[in-house]
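Notes for the one structure printed next.
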Amino acid sequence: MIYDAIVVGSGPGGAVAAATLAERGKSVLLIDRQAFPRDKVCGDGLPGNVSEMLDKDLGIDPKKAGLKHQQIYGISMVAPSGKSLLVQGKPSQHYSMVSPRYHFDQMLHEHALKKGAKFEVMDIDAPLYSPDGSKVIGVVQRKGKELIEHETRVVIAADGVSSSIARSLRGRVSDPVETAVAIRAYAKLKRPLSSDPTVYFKYLLQLTPGYAWIFPTAPNEVNVGLGLFDQEIYKKRGKNLKQLLNEFKDEMESEYPMEIDADTLKSWPIPVWMNRESRVVKGAYLVGDAGRFVDALTGGGIFPAMITGQLAARSAIQILDGGNEQAAASAYDEGWRNGIGRSLNRLLMVQKWIGSKPPVFNAIFGVANAIPPIRSALLTGLAGQHS
Ligand SMILES: Cc1cc2nc3c(=O)[nH]c(=O)nc-3n(C[C@H](O)[C@H](O)[C@H](O)COP(=O)(O)OP(=O)(O)OC[C@H]3O[C@@H](n4cnc5c(N)ncnc54)[C@H](O)[C@@H]3O)c2cc1C
C-alpha cells in the first residue's frame, strides 16, 4: 500500500503530525525505530504552551488521559552570583507541568493511533529520492543487510537529533560545534516537596553558558540534570558530565537531598536553533529536533516539535488535497517563522548576550528582582514559554 504520508519518528513532533493528518482522513504511516512506550533523554519540562495545545488542538486532557505528571506552581532560579528569584504562577487552566517522556510520548503516540495512523517499527536509513535526485518520494528502511523502499506522497522527518533524513538532505543535525549537550537522571527525594512544587534552575558559573535543573516529576521524585550550551568550554575544564552532575547533587544536599537512580543517568545532544533557513528540502518536511527547532537558552524543544509537526501536517494536507507543492512549503516556513521563529531568535540572542556573560546575567537578575515586569519577562523566557 502507498500511504498519503510517511512520518518518521513518533516523538512529540511525529505523533502530532501523524494525528493531524489522520484526523483529516489521510492515510499515514508513522514509523519509529523503537517500540512504544520508550524513554527519551529529557528534562521532561512542559511549558504552559504544551497544555494549551493539548487542550485546544488535540483535545487531550492530561488528567483524564491518566498521564503521570506533576503540575508546576512557579519557577525558582539562582543566578551565578547566588542571588535567587522565586515566582509563583497564577492559577491557570493551561499550567506548566513535568511529565516523564516515557509517559508523555506514549500518550501522544496512542492519540495518533486512535486518530487512525498506522504504526510500524522500522529503522529508516535514508530518504528515497526520485530517479533524478530532485525530490524525496519516500523512505528507505534498513532491515539487517536488506534495504527496503517505501514510496509515499509526502515525507515528514521527525526523527530527532540523529535524523537520517536530515543528514542525507543537509548534513548531520548533531554537529558537535553547533550542538549543546545535556545529562539527566531521575532521583528519589529523601524529603518530599512542598505542596506547590516549582521547577528549579541554577546558573552555575562552572556551567556557563548552561545551567543545572531540578524538575519534580512527583512529590517524592525529580528529574535532575545539566544543560551545557558550549561543549568546548566544559571539555577544556576537564570534567565530564557525570562528574558535574554529581557535584551539583552534592551541592544541593541540604535543599534537595536525593538518591540518583544510576540506571537513568544518560546524556544526549540538543540541536539548538540557529537560523531561519527553509525546513523543506526536496519536498521533505523537517520538524522538531530534525529541523533544529530547539530553544538555545533553555534547550526546550517539545513544544517547538509539536507545533512544527502540526504545521508540517497542515502543509502536507494542502498538497494531498491538490494544492501547489511550492505554496505548501512556503506556508510551512512562514508558519514557523511567524510563530515560534521569532521567540527562538530572541532566546538565541539572550543566550549569546546575557546567558553566556555571567556579570551581565547577574546585573539583569538584580534588576529583575526589583522590577516585576522585567522579572516576569525573564522568567517567561527562561521557562521556555513561547509568545
Ligand atoms: C537532557 C535533555 C533535556 C531536555 N529537556 C527538555 C525539557 O525539559 N523541555 C523541553 O521542551 N525540551 C527538552 N529537551 C529537548 C527535547 O527532548 C527535544 O527537543 C524533543 O524530544 C524533540 O522532539 P522530536 O519529536 O523532534 O524528537 P524525539 O523526541 O527525539 O523523537 C524522535 C523519534 O525518532 C525516532 N528515530 C530516530 N531515528 C530514527 C530512524 N532512523 N528510523 C526510525 N525512527 C527513528 C526515535 O526513536 C524517536 O522516537 C531536552 C533534551 C535533552 C537532551
Side-chain angles (χ1 to χ4, degrees), residues 6-18 29-47 49-50 72 96-102 104-106 108-109 119-127 139-143 150 156-168 173-174 179-185 199 201 210-215 217 223-228 241 245 264-273 286-296 298-309 312 340 383-386:
I6 289 182
V7 178
V8 186
S10 187
V16 169
L29 177 63
L30 178 61
I31 293 174
D32 204 291
R33 65 177 167 200
Q34 301 181 75
F36 274 66
R38 59 99 179 93
D39 183 29
K40 155 75 177 78
V41 180
C42 190
D44 305 331
L46 303 170
N49 295 122
V50 170
I72 296 302
S96 301
M97 56 182 161
V98 180
S99 174
R101 294 288 299 275
Y102 183 85
F104 182 72
D105 288 18
Q106 172 66 5
L108 291 180
H109 177 75
F119 177 67
E120 286 201 35
V121 176
M122 289 182 192
D123 190 356
I124 298 305
D125 190 59
V139 295
V140 180
Q141 174 194 2
R142 176 172 290 280
K143 197 174 179 188
H150 301 271
I156 295 181
D159 45 348
V161 65
S162 61
S163 172
S164 55
I165 300 196
R167 187 172 58 236
S168 169
V173 180
S174 57
T179 304
V181 66
I183 185 166
R184 74 94 227 253
V199 281
F201 294 85
Y211 64 90
W213 73 77
I214 298 176
F215 291 173
T217 51
N223 178 317
V224 54
L226 310 174
L228 296 149
L241 287 169
L245 184 65
T264 63
L265 192 86
K266 285 180 186 142
S267 60
W268 197 256
I270 303 184
V272 290
W273 193 82
L286 306 179
V287 316
D289 279 13
R292 295 193 76 99
F293 286 108
V294 183
D295 151 7
T298 66
I302 298 170
F303 176 70
M306 291 169 72
I307 198 80
T308 53
I340 53 166
Q385 188 85 2
H386 294 269

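When a residue number appears, it is its place in the shown sequence, counting from 1. Just so it is clear, the structure is predicted and the values come from calculations on it, not from any experiment. In each ligand, atom 1 is the first atom listed, and ligand 1 is the first ligand listed.
- Side chains of R33 and S162: a donor on one and an acceptor on the other come within 3.5 Å.
- Closest protein heavy atom to atom 16 (C) of ligand 1: R101 NH1, 3.8 Å.
- Looking at atom 44 (N) of ligand 1, its nearest protein heavy atom turns out to be R33 N, 3.0 Å.
- Contacts of T217 classified as side chain to side chain donor-acceptor pair (under 3.5 Å), with partners at least two apart in sequence or in another chain: E221.
- Taking the side chain to side chain donor-acceptor pair (under 3.5 Å) definition, one finds that D159 meets it with S163, sequence neighbours left out.
- Across L241, L46, D159, heavy-atom proximity to atom 37 (C) of ligand 1 is greatest for D159.
- At least one heavy atom of W213 sits less than 4.0 Å from an atom of ligand 1.
- Close contacts of ligand 1 with G9, meaning ligand atoms under 4.0 Å from a residue heavy atom, involve 33 (C), 34 (O), 35 (C).
- A pairwise comparison of heavy atoms in V161 and W268 identifies CG1-NE1, 3.5 Å as the closest pair.
- Counting heavy atoms closer than 4.0 Å to ligand 1, residue K40 contributes side-chain atoms (C-beta onward) but none from N, CA, C or O.
- S10 approaches F119 most closely through the heavy-atom pair CB-CE1, 4.3 Å.
- Residues P12 and A305 come closest through the heavy atom pair CB-CB, 4.4 Å.
- Closest heavy-atom contact between K40 and R184: O-NH1, 3.7 Å.
- Of the protein's non-hydrogen atoms, the one nearest atom 42 (N) of ligand 1 is I124 N, 2.9 Å.
- By the 4.5 Å heavy-atom criterion applied to side chains, Q141 and I31 are not counted as neighbours.
- Listed by atom number, the atoms of ligand 1 under 4.0 Å from R38 heavy atoms are 29 (O), 31 (O), 48 (C), 49 (O).
- For ligand 1, the atoms closer than 4.0 angstrom to any heavy atom of G299 are 12 (N), 13 (C), 14 (N), 15 (C), 50 (C).
- Within a 6.0 Å sphere centred on CZ of F36, other residues, nucleotides and ligands contribute more than 12 heavy atoms.
- Contacts of D44 with ligand 1, taken as heavy-atom pairs under 4.0 Å, involve the backbone alone.
- Considering each of V41, V199, D32, the one bringing a non-hydrogen atom nearest atom 46 (C) of ligand 1 is D32.
- In this structure, the protein non-hydrogen atom closest to atom 25 (O) of ligand 1 is G13 N, 2.9 Å.
- When non-hydrogen atoms are compared, ligand 1 lies under 4.0 Å from the side chain of I270 (C-beta onward) but not from its backbone.
- Neither the backbone nor the side chain of S267 has any atom closer than 4.0 Å to an atom of ligand 1 (non-hydrogen atoms only).
- Residue contacts with ligand 1, taken as heavy atom pairs separated by less than 4.0 Å, involve P12 via backbone and side-chain atoms alike.
- Looking from atom 8 (O) of ligand 1 to the surrounding protein, the closest heavy atom is G45 N, 2.9 Å.
- Residue G160 has at least one heavy-atom neighbour below 4.0 Å for each of these atoms of ligand 1: 27 (O), 30 (O), 32 (C).
- Heavy-atom distances between R142 and ligand 1 stay at or above 4.0 Å for every pair.
- In terms of protein heavy-atom proximity, atom 1 (C) of ligand 1 is nearest to A182 CB, 3.2 Å.
- Atom 3 (C) of ligand 1 has its closest protein heavy atom at G43 N, 2.9 Å.
- Contacts of M122 with ligand 1, taken as heavy-atom pairs under 4.0 Å, involve the backbone alone.
- Those atoms of ligand 1 that come under 4.0 Å of a heavy atom in G288, given as number and element, are 26 (O).
- If you check which protein heavy atom lies closest to atom 23 (O) of ligand 1, you get A305 CB, 3.5 Å.
- Contact of the T179 side chain with the R292 side chain is registered, since non-hydrogen atoms from C-beta on lie closer than 4.5 Å.
- A side-chain donor-acceptor contact under 3.5 Å links D44 to the backbone of R101.
- Using a 4.5 Å heavy-atom threshold, the side chains of I124 and M122 count as touching.
- With ligand atoms numbered from 1 in the order given, ligand 1 contributes 10 (C), 11 (O), 12 (N) to contacts under 4.0 Å with heavy atoms of G300.
- Between N49 and M306, every side-chain heavy-atom pair lies at or beyond the 4.5 Å cut-off.
- Listed for the N223 side chain is a donor-acceptor partner under 3.5 Å among the backbone atoms of C42.
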Quick one: do T308 and I340 satisfy side-chain contact (heavy atoms from CB on, under 4.5 Å)? Show the steps, please.
CA-CA 9 Å; T308 53; I340 53 166; 3.9 Å; yes
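- Between G301, P304, G227, S164, it is G301 that holds the heavy atom closest to atom 12 (N) of ligand 1.
- Residue contacts with ligand 1 do not include K266, since none of its heavy atoms lies under 4.0 Å from the ligand.
- For atom 18 (C) of ligand 1, the nearest non-hydrogen atom from the set L30, D289, T308 belongs to D289.
- Applying the 4.0 Å criterion to heavy atoms of D123 picks out, from ligand 1, the atoms 40 (C), 41 (N), 42 (N).
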Run the side-chain contact (heavy atoms from CB on, under 4.5 Å) test on F303 and F293 for me, step by step, so that the C-alpha distance in whole Å, both residues' side-chain angles and the decisive distance to 0.1 Å come before the verdict.
CA-CA 9 Å; F303 176 70; F293 286 108; over 6 Å; no
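- In terms of heavy atoms, D32 sits closest to G11 at OD2-N, 4.3 Å.
- Residue contacts with ligand 1 for C42 involve both N, CA, C or O and side-chain atoms from C-beta outward (heavy atoms, distance under 4.0 Å).
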